[in-house]
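Let me begin by presenting the structure, written as structure tokens, before commenting on it.
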Amino acid sequence: MMSLFFILITAPFFVGIILKVKAKFAARKLPSILQPFYDVARLFKKGAIYSTTTSFIFKIAPLVYFVSVLMAALFIPIGSLKGFLSFNADFVYFAYLLAFGKFMMIIAAMDTGSSFEGMGANREALYSMLIEPAFFILIASLALFTDNNSFYGLFLNLHISTNLSYILGLAAIYVLMYIAMIENSRSPIDDAKTHLELTMVHEVMVLDNSGFDLALIHIATWIKFSIYGTLISNFIIQNEWPLALQIGSFFFVQMAFAGVVGLLESFRARNKLEKNPQWIIMLSAIAIVLFLTTLIITQKIILY
Amino acid sequence: MTYLFIILYAITLIYFALSERTKKFVWLLAIQGLILFGVVFFSLNKIDIFDFIFILLETIVVKTLVVPWFLNKVRKHNQLKREHEPYVPVFYSIIVVVIILIISFMLSNYLNDSQMHTQYFTIAFTSIIFGGYFIMIHKNLFSNVVGYLIIENGIFLLSLAVGSIMPIMVNLAILLDVFMGVLILGLFINRVGDTFKSVKTEHLSKLKD
Amino acid sequence: MILFLLKAVLILSLGLFFVPKNRKYFFTFSLHLALVVISSFLIFNTFNQVASLKFPFLSLLNNTIYIEIDKLSAFFMLVINFTCLTGIIYAKAYLEPYYKSKSSLEFALHYFSFLWLHIAMLFVVMFRDALAFLIVWEIMALTAFLLVIFENEKKETIKIGIQYLIQMHIAVVFIMIGFIWAYSQTGADFSFDGLSVYFESHNPLPLFLIFFIGFGIKAGFIPLHSWLPHAHPAAPTHVSAVMSGVIIKMGIYGILRVLTYIHHDLFNIGLFILISALVNGLIGVSLAIVQHDIKKLLAYHSIENIGIIGIGIGLGVIGLAINIPALTVLGFAGGIMHILNHSLFKSLLFYTAGAVYTQTHTRNIEELGGLIKKMPKTALFFLIGALAICGLPPFNGFISEFLIYSGMFKALLSGNLQTDILLFFAISGLAIIGGLAIFCFTKVFSIVFLGTPRSDKVTHAKEASTSMILAYALIAITILLIGLLPVLFINPLIDIVSIFTKDTQAIQQAIPTLNSISISSGLFIVLIALFWLVRYWQQKRQNIRKDATWACAYTGANPAIHQYTATSYADNFVQISNQITNVKKEFKNFEEAEIFPKERTFQTHSSDKIEDYLIKTPTTFILNFLQKIGVFQTGKIQHYLLYAFAFIMMIFILTLLNLI
């Protein structure tokens with residue numbers, strides 16, 4: 001239960017920190033870190049407009065999306081704090097739960113009958129399909145490395161001590177970071193700032209949502225970032241440390257993650273949209289190299 | 001520590017399959033030179049000072065500085081920007097690289113020969129096969145040179161695999177290969193580029209009898 | 001007593017031809033119900049006792065044919081009964097529009113075939129004797145053929161029906177060769193049990209391959225699948241549902257039955273099944289994405305799901321070979337449970353698609369759209385079916401895929417290098433198949449039901465009738481039951497899997513995990529309801545309006561033209577997979593000098609490469625060749641006499657020269 005609490009606390013600050021970092025590098029005036037908070041609070045006070053083309057799918061989709069992300073957060077441990085739910089092979093449930101949320105958002109976008117949203121839905125479907133194997137192969141290599149089967153057990157036994165496991169940790173962090181950026185549709189897949197047809201994936205899917213629904217969608221994006229940040233911080237937090245040190249380093253890593261995302265967004269251009277599928281498959285290829293590294297570490301491949 | 005560099009080398013091969021700009025090819029070749037230096041530095045048991053300087057010369061100076069500088073000159077002279085449309089789409093090339101990697105890992109596991117250092121053999125094999133594949137799928141003369149250099153890197157690693165000391169002869173031979181290859185091919189590309197006004201390999205088939 | 005009732009049902013079915021037209025349906029329905037009750041009694045008895053049920057059925061010419069039902073057969077009987085029952089409930093409303101145009105005899109034949117299909121399938125899993133098995137297998141194929149050609153006013157349908165019949169007979173030939181080969185090599189019983197004697201002493205792989213080809217044509221394994229995408233759209237909907245849900249599972253039953261007798265040299269067999277299943281899954285779902293006919297799309301999805309079942313079974317066999325009990329047990333359990341799950345959600349999808357077809361008279365999804373306003377209940381059930389087939393929690397597809405994943409992850413930790421590389425391919429394959437299924441079903445659901453109508457075929461659509469909705473509801477309740485409370489179904493599964501291996505503790509260990517899944521899924525639904533209430537409370541005091549779609553204030557859009565179509569949705573997937581999906585675009589480009597462009601058309605066309613190479617090219621070649629030879633057939637008697645004289649002359653000369 002505690003881990004959920006920490007994940008939820010750090011969630012709202014993510015987007016704020018990213019915006020601040022980007023603004024600083026672009027020599028613009030910095031918005032307050034709490035700006036997203038104010039935006040969402042304002043949305044909660046508003047009414048909503050529903051399109052006449054839409055149906056009950058459009059009304060129920062943001063709820064399902066938000067609850068799926070919230071429940072996915074229940075599985076993630078922080079260091080030695082267990083998640084609220086934990087069972088064998090729970091990462092499969094985690095991945096498919098997030099996929100359910102995406103499914104509902106995609107059909108809600110198609111529900112509006114607008115070509116813009118159809119475009120975003122289409123791209124989102126393809127990219128989330130391509131990123132699935134990367135996530136599964138990464139988790140399979142970690143499971144093989146730690147000889148364990150659930151998120152909690154995996155991270156509890158993750159000891160980064162030998163040289164080779166440092167590589168494992170670094171590469172895993174690299175892949176996870178980019179998976180987080182793809183899932184939240186930030187560069188280099190998508191440009192969240194522009195509202196141009198050429199570049200939108202996620203932003204365009206929520207064009208017609210308003211009021212309470214839009215607030216839920218924003219909060220879900222924050223929580224998703226927070227989840228992946230927690231997964232990354234688990235690589236750095238060692239389980240032998242005292243609890244206070246673990247929590248402290250957790251906050252530090254989350255802020256660092258947000259900062260790095262802002263950095264990457266400022267300095268890396270968006271991919272040409274046609275090149276996105278091959279770029280995403282490159283992440284799966286790196287995950288496969290990780291898998292082979294794990295096989296070397298666990299002595300299944302014997303090299304002299 | 002050598003494993004770190006081997007994994008990094010594998011990742012550079014994946015980036016080779018992914019990228020399409022000639023500038024990135026040259027950049028990746030330079031990085032591969034650095035990685036090779038790291039591999040040699042951390043893996044040799046006893047290093048003569050003379051051997052060490054020679055290897056330093058070969059990897060850092062030649063592979064990382066001289067050859068990329070020369071290739072850059074060729075690139076600028078012919079105004080090559082990017083690789084157009086390889087024969088196999090990039091999406092499938094990445095899958096092919098991964099499959100080659102897996103096959104070479106399994107192969108070295110089955111070989112299980114204590115005479116040979118299989119940790120280098122794996123990546124050398126991958127590099128050689130991938131270099132050949134690289135030449136096959138690209139239509140550009142410049143990519144031929146790059147593929148040839150990837151194969152040379154692979155042979156360098158292969159020489160590491162079969163011995164624990166670096167025989168001078170092998171290194172001299174590889175160095176000669178590299179020099180001649182790059183020099184001749186570079187001049188060749190300049191000539192071809194000037195005559196045909198482009199560096200596509202299809203134009204070369206006009207030269208046959 | 002049971003036997004007497006069974007035989008009574010068989011004889012009463014003949015009475016179908018004499019009942020008046022308006023009573024035919026009730027007569028069939030009651031016979032089906034009787035059949036279900038009798039077989040349920042048998043199933044119940046089998047699951048309650050340890051040994052299998054065995055009693056004599058018929059005695060012909062001093063040979064007794066026994067009915068032998070073990071847990072595997074009982075499971076298949078359950079699947080058959082449920083789908084056939086919902087099929088006949090659905091058929092009432094589906095066949096109503098045909099009431100005037102078809103004669104009494106055609107209806108009688110159709111109901112008779114449906115009844116006998118049900119009977120034949122039940123007997124297929126009950127007989128072990130090879131000859132009896134082959135006879136009821138034939139009856140199953142013939143009745144399915146009669147059912148497929150129901151709409152025989154279209155010539156295409158008869159052609160497809162005949163193609164189906166031919167391929168089914170090729171399958172029977174292979175199965176017969178398998179049995180005869182085993183019999184000739186060992187002289188044992190000409191039955192399934194006789195196979196065990198053969199497998200003990202010979203290498204199992206070649207004979208298994210012969211049986212695999214025979215049963216694989218029925219199941220729809222690539223490259224033997226070419227009848228599937230044609231037969232399913234041509235048949236009426238309740239028949240397609242039964243075909244997709246049950247008939248192709250009979251092929252899987254055959255493979256499983258043969259596997260129960262093989263106890264050594266299993267690795268190659270398992271590897272073969274795993275690889276062909278992965279190919280099935282990937283190619284099946286890729287081809288499904290580019291289809292525009294809704295039933296053809298669902299047919300390709302059946303191929304994909306047979307792939308998932310094959311992955312489970314293949315992993316189970318590999319687990320037996322390398323002695324990792326967790327993999328065996330969980331692989332088989334996942335594969336077998338997916339058989340039940342697939343028949344459920346695939347029949348639900350077919351029923352809802354059939355309702356759409358009845359109302360709009362088109363199967364082309366490019367002409368539909370916005371049907372959720374006219375047929376909300378049908379849309380809701382289609383959504384449940386779509387979510388279930390993608391394997392999303394809390395529905396039943398997730399449970400079977402989860403079991404397979406658990407098995408794979410457990411085996412990953414304890415296997416050697418070869419196993420790990422295999423499992424790596426299987427895990428990534430299953431993940432990609434899941435992702436592609438989501439891609440395909442978001443496309444189908446959105447294009448058919450959401451958005452605005454793309455043509456005027458939608459304007460007269462009405463909600464489906466109550467008997468159809470009853471059929472949907474029955475299936476949906478079962479789907480939700482399996483998805484939310486999977487532990488209810490685990491114990492029978494453990495019994496079935498113990499036929500293959502005795503060490504079933506891996507499933508016992510999985511029971512707490514399944515309980516956690518139930519709790520999580522329950523929590524999921526509760527939280528959705530909670531937040532719905534919160535939103536209701538917040539929106540009560542706000543101003544909620546309805547207006548046109550905002551879509552970035554682009555007001556020039558005509559909804560019917562500027563929406564996404566199915567082709568455009570599938571396009572970015574086609575760009576990376578054109579080798580498999582083989583989509584060709586036909587259009588003429590605008591020239592630079594064309595100042596006032598003329599009207600242009602744009603067509604896309606996708607074809608099945610395997611079918612082209614395997615069937616179309618050889619048959620076209622043979623037809624062309626035969627056409628050239630057909631020159632000899634001039635139709636004149638004088639020429640034929642000339643041929644006869646030439647032949648006699650040739651024989652005479654050859655005999656003279658001592659060559660013959």
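Convention: sequence-line order gives letters A, B, ...; per-chain numbering from 1. The structure displayed is predicted, hence computed values, not measured ones.
- Contact of A/Phe135 with chain C is not made at all, since no heavy-atom distance falls under 4.5 Å.
- When the options C/Ser516, C/Pro394, C/Pro486 are evaluated for a side-chain contact (heavy atoms from CB on, under 4.5 Å) with C/Ser521, the one that passes is C/Pro394.
- Using a 4.5 Å cut-off between heavy atoms, A/Ser128 does not touch chain C at all.
- Taking C/Leu423, C/Asp420, C/Asn416 one by one and counting their heavy-atom pairs under 4.5 Å with chain A, the maximum is reached by C/Asp420.
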Worked verdict on C/Asn341 versus C/Ser400 for side-chain hydrogen bond (donor to acceptor under 3.5 Å, both in side chains): CA-CA 8 Å; C/Asn341 288 342; C/Ser400 43; 3.0 Å; yes
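- Proximity of the aromatic rings of C/Phe524 and A/Phe100 is defined here by a centroid distance below 6.0 angstrom, and this criterion is met.
- For C/Leu412, the parts sitting under 4.5 Å from any heavy atom of chain A are the backbone and the side chain alike.
- Under the 3.5 Å distance criterion, the side-chain polar atoms of C/Glu366 are matched with a main-chain donor or acceptor of C/Ala566.
- With a threshold of 4.5 angstrom between heavy atoms, C/Glu401 approaches chain A through side-chain atoms but not through N, CA, C or O.
- For C/Leu383, the part lying near chain A is the side chain, with the backbone staying farther off; criterion is any non-hydrogen pair under 4.5 Å.
- Chain C forms the most heavy-atom pairs under 4.5 Å with one residue out of A/Asn148, A/Asp147, A/Leu130, A/Leu216, and that residue is A/Asp147.
- For chain A, the nearby parts of C/Ile544 are the backbone and the side chain; heavy atoms of each come within less than 4.5 Å.
- Looking at A/Phe58, neither its backbone nor its side chain comes within 4.5 Å of chain C, counting heavy atoms on both sides.
- Heavy atoms of other residues, nucleotides or ligands lying less than 6.0 angstrom from NZ of C/Lys373 number more than 12.
- Salt bridge status for A/Asp213 with A/Lys59: absent, with no side-chain N to carboxylate O gap under 4.0 Å.
- C/Ser518 contributes a side-chain N or O that, together with a main-chain N or O of C/Leu514, makes up a donor-acceptor pair within less than 3.5 Å.
- Interface remark: A/Ser150 contributes no atoms to any contact with chain C (heavy atom separation under 4.5 Å).
- Separation of atoms CZ (C/Phe409) and CZ (C/Phe402) is listed at 10.0 Å; rounding is to 0.5 Å.
- Per-residue heavy-atom pair counts under 4.5 Å with chain A were compared for C/Leu523, C/Thr442, C/Leu527, and the maximum is reached by C/Thr442.
- Residues A/Leu97 and C/Pro393 come closest through the heavy atom pair CD1-CG, 4.0 Å.
- More than 12 heavy atoms of other residues, nucleotides or ligands sit less than 6.0 Å from atom NZ of C/Lys546.
- When A/Leu292, A/Val64, A/Asp90 are compared by the number of non-hydrogen pairs under 4.5 Å with chain C, A/Val64 comes out ahead.
- The residue among C/Pro376, C/Gly451, C/Ala386, C/Gly435 with the most heavy atom pairs within less than 4.5 Å of chain A is C/Gly451.
- Using a 4.5 Å cut-off between heavy atoms, A/Ile57 touches chain C through its side chain atoms alone.
- Only the side chain of A/Leu295 comes within less than 4.5 Å of a heavy atom of chain C; its backbone N, CA, C and O stay farther away.
- Between chain A and the options C/Asn515, C/Leu380, C/Leu417, C/Ile447, the largest number of non-hydrogen pairs under 4.5 Å is found for C/Leu417.
- The minimum heavy-atom distance between C/Tyr569 and A/Ala125, with the atom names listed, is OH-CB, 3.7 Å.
- Using a 4.5 Å cut-off between heavy atoms, A/Ile107 touches chain C through backbone and side chain atoms alike.
- Among A/Tyr96, A/Phe44, A/Phe84, A/Phe87, the residue making the largest number of heavy-atom pairs under 4.5 Å with chain C is A/Tyr96.
- Both the backbone and the side chain of A/Tyr93 come within contact range of chain C, with heavy atoms under 4.5 Å apart.
- Per-residue heavy-atom pair counts under 4.5 Å with chain C were compared for A/Phe56, A/Phe66, A/Phe145, and the maximum is reached by A/Phe66.
- Chain A forms the most heavy-atom pairs under 4.5 Å with one residue out of C/Phe445, C/Tyr405, C/Trp532, and that residue is C/Tyr405.
- Both the backbone and the side chain of C/Lys410 come within less than 4.5 Å of a heavy atom in chain A.
- Ranked by heavy-atom pairs under 4.5 Å with chain A, the first of C/Gln575, C/Gln539, C/Gln538 is C/Gln538.
- Residue contact with chain C, scored on non-hydrogen atoms closer than 4.5 Å, involves the side chain of A/Phe91 exclusively.
- You'll find the ring centres of A/Phe75 and A/Phe151 outside the 6.0 Å limit.
- Of all the heavy atoms in A/Val69 and A/Ile227, the pair that sits closest is O-CD1, 3.8 Å.
- Between A/Thr294 and A/Leu142, every side-chain heavy-atom pair lies at or beyond the 4.5 Å cut-off.
- The heavy-atom pair separating A/Ala99 from C/Ile438 by the smallest distance is CB-CD1, 3.7 Å.
- Here A/Asn88 is the residue among A/Asn88, A/Leu74, A/Leu70 with the most heavy-atom pairs under 4.5 Å with chain C.
- With a 4.5 Å cut-off on non-hydrogen atoms, A/Leu144 touches chain C through its backbone and its side chain both.
- Contact count against chain C (heavy-atom pairs under 4.5 Å) is highest for A/Tyr50 among A/Tyr50, A/Phe291, A/Phe136.
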Pair A/Thr54, A/Ser51 - check side-chain hydrogen bond (donor to acceptor under 3.5 Å, both in side chains), show working. CA-CA 6 Å; A/Thr54 60; A/Ser51 159; 4.6 Å; no
